[in-house]
Amino acid sequence: MKSIIFRTSSKYLLPVLLLFSVFMLLRGHYLPGGGFVGGLMAALAFILHSFAFGLEETKNIIKVHPGFLMPVGLVFALLAGLAPWFYQEPFMTGLWYGEPLRMVGIVGTALLFDIGVYFVVIGAVLTVIFSIREIF
């Protein structure tokens, strides 16, 4: 797009939307939100940037192919599911660290699973949207 207003606003919106996506990710295992909503928000930030500056410049910001984020996210989710086996608990049983961490809250396998979903959603949405943008 040629609009200077859109380019300038999207330059400032990218870090704000990414920060909000991390907030939604960390909020998710207590209240509505989590990996899915946070991942959609992060993907939306990069899509907005690609509309303003072009696909190549956005790919330069991300540094890795979005398709690589999907298996990384699946590994996180699998680790969250397998971790309880080390404590003789069933698969996907929630494990929690004893003390809440400042700014994050109680950390456990639910957060690890949400991080996995976060990466899978970002990878899937950006792969699809970037593929469509390359065609047109």
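In this text, all values refer to a predicted model and were calculated from it rather than measured experimentally.
- Counting heavy atoms of neighbouring residues, nucleotides and ligands inside a 6.0 Å radius, atom CD1 of I5 does not exceed 12 of them.
- Considering OG1 of T93 and CD of Q88, their distance stands at 11.5 Å, rounded to 0.5 Å.
- The structure places CG of L126 at 7.5 Å from CG of L69, a figure rounded to the nearest 0.5 Å.
- More than 12 non-hydrogen atoms from other residues, nucleotides or ligands lie less than 6.0 angstrom from CZ of F91.
- Within 6.0 Å of CZ in F46 there are more than 12 heavy atoms belonging to other residues, nucleotides or ligands.
- Residue V121 is grouped with residue V75 when hydrophobic side chains (ILVMFWY) are merged at heavy-atom distances under 4.5 angstrom, including chains of intermediate members.
- A distance-only check finds no donor-acceptor pair linking the side chain of S21 to the backbone of M41 [under 3.5 Å].
- A distance of 9.0 Å separates CZ in F53 from CG in L14, rounded to the nearest 0.5 Å.
- Between the side chain of S10 and the backbone N or O of R7, at least one donor-acceptor pair lies under 3.5 Å.
- The two residues L17 and A45 make their nearest non-hydrogen contact at CB-CB, 3.6 Å.
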Report the C-alpha distance between F51 and F6 in whole Å, list the side-chain angles of each, state the deciding distance to 0.1 Å, and finish with yes or no for side-chain contact (heavy atoms from CB on, under 4.5 Å). CA-CA 9 Å; F51 284 159; F6 183 56; 4.0 Å; yes
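- Nearest heavy atoms, T109 versus A83: CG2-CB, 4.1 Å.
- The shortest heavy-atom contact between A43 and V125 is CB-CG1, 3.6 Å.
- Atom CD of E99 has 12 or fewer neighbouring heavy atoms from other residues, nucleotides or ligands inside a 6.0 Å radius.
- Note: L111 CG to L26 CG = 6.0 Å, rounded to the nearest 0.5 Å.
- Both Y118 and L101 belong to a single network of hydrophobic side chains, linked directly or stepwise wherever heavy atoms of I, L, V, M, F, W or Y lie under 4.5 Å apart.
- Considering every non-hydrogen atom in both G116 and F76, the closest pair reads CA-CB, 3.6 Å.
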Report the C-alpha distance between T58 and F130 in whole Å, list the side-chain angles of each, state the deciding distance to 0.1 Å, and finish with yes or no for side-chain contact (heavy atoms from CB on, under 4.5 Å). CA-CA 10 Å; T58 304; F130 287 178; 3.9 Å; yes
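- Hydrophobic clustering of Ile, Leu, Val, Met, Phe, Trp and Tyr side chains at less than 4.5 Å, counting indirect connections, keeps L112 apart from L95.
- The NE2 atom of H49 sits 13.0 Å away from atom CG of L44, with the distance rounded to the nearest 0.5 Å.
- Following chains of ILVMFWY side-chain contacts shorter than 4.5 Å, one cannot reach F20 starting from Y12, and the two form parts of different hydrophobic clusters.
- Atom CD1 of I132 and atom CG of L55 lie 11.5 Å apart (nearest 0.5 Å).
- The hydrophobic clustering, which links ILVMFWY residues whose side-chain heavy atoms are closer than 4.5 Å, places V120 and F113 apart.
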